[in-house]
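Notes follow once the structure below has been shown.
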Amino acid sequence: MGAGSLCVLAASVLWGTTGTAATFAPAVGPLAIGAAAMGLGGLLRALVSAPRIAREASGLRRQRGAVLAGAAAVAVYPLAFYSSMHLAGVAAGTVVSVGSAPLASALVERVVDGRRLTRRWMLGAALGLSGTVLLCGAEAAAGHSAPGAGSGRATALGIGLGLVAGLTYALYSWAAHRLISRGVSGGAAMGSVFGLGGVLLVPVLPATGAPLLDSWPNAAVGAYLALVPMFLGYLLFGWGLAHVPASTATTLSLLEPAVAALLAVLVVGERLPGTGWGGIGLVVGCLVVLTLPVRRPLRARPETTEPATEPAAVGTHLP
C-alpha cells in the first residue's frame, strides 16, 4: 500500500469521529458545527502554510481558477454536510455525502481532465457504494436517525444537501490535486484553498455559533473538530493527494462512514445489525481492491537468433 493511500485512509479515520464528537454538543446547530470545524480548521491550515503560500504566490495566481473553485467548495461543503445529517439522519446524510463523492470526483476528472475510469476503480467504487448503502439501511432500520429527521420534505432536502456535499467534496479534492500536479506544493495548495474557504465561513460563526461558547463541553467539541478531523485530517489528505488521483482519494474516504458506525456502537452505544457489518465488510473489500499493489509481469521477448542490441531495455517492457 502506498504512502498516499495510507494518508487518505488515516484522514478518513479522523473524519469518521466527527459524528460521535458532535453528539457531545447537542445544543450546537449544524451550521455552527460546520463553520467552526472547517472554518477554524481551514484558517489554521493557512496559518501553518503561510510561508509556503507566500513563496509560491505567483504559481497560485496562475492557477487562481482552481484556488477559487476549491475555496468555494470548501465553504459550502461543511454547511451542506452537517445540515444533511441533521435533516435526513446521521446514517443517510453521511452515506449520501461521502458515498456520492467518488462518482462526482470521477465525473469531474472525466469532464475536465479527460481521465479514463479503470476497471479496478469501478470495481472498488461498486463495492464501497454497496457497502455504504447496506450500512445506511442497517442504521436506519435500527432507528439511528437524528432527532427531528423523518418528515418526507426534510428527508428529501437532507438527501439533496448530501449530494451537494458530495459534489463540493469532489470539487475541492480535484482543485487541490490539480494545483499539486501543476507544481504547487501540497502545503501551499491545501493552505490556500482551505484558508480562503475558512475566510468565507467566518461570517457564519457570529450568526450561529453562540451555543459553542455556552459551556466548556461545547467549546471543547468545536476545538476538537477544528484541530483533529479538519486540520490534522486535511493535512494528511493533502499529503495523500500528492500521490493518488482525486477519484481514488475520494473512494478511499468511503472508510469514513464505516468508522463512524463502529464508533457509534463502541462509544455512543448504538447496536448495528448483521447487514451493517456486511456493509463494513464490503467497504473493507473496496479498500483492498484500491490499495493492494498490482504486479505487472514483464512481456516476454520474442525468440530471436540475433544478439540483443539494447540489453538495458529488457526491464522496460511494461504493459
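Positions are given from 1 along the sequence.
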Could you go step by step and tell me if V244 and S5 meet the side-chain contact (heavy atoms from CB on, under 4.5 Å) rule? CA-CA 7 Å; V244 298; S5 296; 3.9 Å; yes
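- Contacts classified as ring-ring contact (aromatic ring centres under 6.0 Å, His included) and involving residues 25-58 (residues at least two apart or in different chains) are not found.
- Every pair tested for ring-ring contact (aromatic ring centres under 6.0 Å, His included) that includes a residue from residues 22-72 fails, sequence neighbours excluded, so the list is empty.
- Within the 4.5 Å cutoff, the side chain of V74 has no heavy atoms near those of the L171 side chain.
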Can F237 and S12 be said to form a side-chain contact (heavy atoms from CB on, under 4.5 Å), step by step? CA-CA 8 Å; F237 190 66; S12 300; over 6 Å; no
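- Both I180 and V193 are part of a single hydrophobic cluster, where members link through side-chain heavy atoms under 4.5 Å apart.
- Taking every heavy atom of both residues into account, A11 and G233 meet most closely at CB-O, 3.2 Å.
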Side-chain donor-acceptor distances from residues 219-227 under 3.5 Å, at least two apart:
residue: Y224; atom: OH; partner: T17; partner atom: OG1; Å: 2.8

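- Shown here are the side-chain hydrogen bond (donor to acceptor under 3.5 Å, both in side chains) partners of T208, two or more places apart in sequence or in another chain: there are none.
- A donor-acceptor contact shorter than 3.5 Å links the side chain of S185 to the backbone of A188.
- For N218 (side chain) and P211 (main-chain N/O), a donor-acceptor pair under 3.5 Å exists by modelled atom type.
- Counting heavy atoms from C-beta outward, L79 and L161 have side chains that stay 4.5 Å or more apart.
- Minimum interatomic distance between G70 and A175 (heavy atoms only, all atoms of both residues): CA-CB, 3.7 Å.
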Intermediate values then yes/no, side-chain contact (heavy atoms from CB on, under 4.5 Å), T18 and Y82: CA-CA 10 Å; T18 57; Y82 287 100; 3.7 Å; yes
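- Formation of a donor-acceptor pair under 3.5 Å by the T168 side chain with backbone atoms of V164 is found in this model.
- Cluster partners of L200 are absent, since no Ile, Leu, Val, Met, Phe, Trp or Tyr has side-chain heavy atoms less than 4.5 Å from it.
- Of all the heavy atoms in G191 and A46, the pair that sits closest is O-CB, 3.4 Å.
- In terms of the ring pair (Phe, Tyr, Trp, His ring centres under 6.0 Å) criterion, residue partners of Y172 (sequence neighbours excluded) are, by chain and number, Y77, Y169, F194, Y234.
- With rounding to the nearest 0.5 angstrom, the CG atom of L179 is 10.0 Å from the CE atom of M190.
- Contacts classified as salt bridge (charged side-chain N to carboxylate O under 4.0 Å, His left out) and involving residues 156-185 (residues at least two apart or in different chains) are given here: D113-R178.
- Judged as a salt bridge (Lys or Arg N to Asp or Glu O under 4.0 Å), and not counting sequence neighbours, R45 has no contacts.
- For W15, there are no side-chain hydrogen bond (donor to acceptor under 3.5 Å, both in side chains) partners at least two apart in sequence or on another chain.
- When hydrophobic side chains of Ile, Leu, Val, Met, Phe, Trp and Tyr are connected at separations under 4.5 Å, L43 ends up clustered with V199, V202.
- Atom CH2 of W239 sits about 12.5 Å away from atom CG of L6, to the nearest 0.5 Å.
- Note that CG of L167 and CG of L163 are 9.0 Å apart. Values are rounded to the nearest 0.5 Å.
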Could you check V259 against L14 for side-chain contact (heavy atoms from CB on, under 4.5 Å), going step by step and ending with a plain yes or no? CA-CA 9 Å; V259 171; L14 296 181; over 6 Å; no
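- Pairing each heavy atom of V67 with each of L196, the nearest pair is CG1-CD2, 4.5 Å.
- The shortest non-hydrogen separation linking L201 to A75 is CD2-O, 3.2 Å.
- Between L241 and V8, every side-chain heavy-atom pair lies at or beyond the 4.5 Å cut-off.
- Between the CD atom in E56 and the CZ atom in R62 there is a gap of 10.0 Å [rounded to 0.5 Å].
- Legend: salt bridge (charged side-chain N to carboxylate O under 4.0 Å, His left out) pairs involving residues 162-175, not counting sequence neighbours: none detected.
- Note on L123: it clusters hydrophobically with L282, by side-chain heavy-atom contacts below 4.5 Å among ILVMFWY residues.
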For residues 26-40, which side-chain donor-acceptor pairs fall under 3.5 Å, sequence neighbours excluded?
none

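- The backbone N or O of A189 lies less than 3.5 Å from a partner atom in the side chain of S192, making a donor-acceptor pair.
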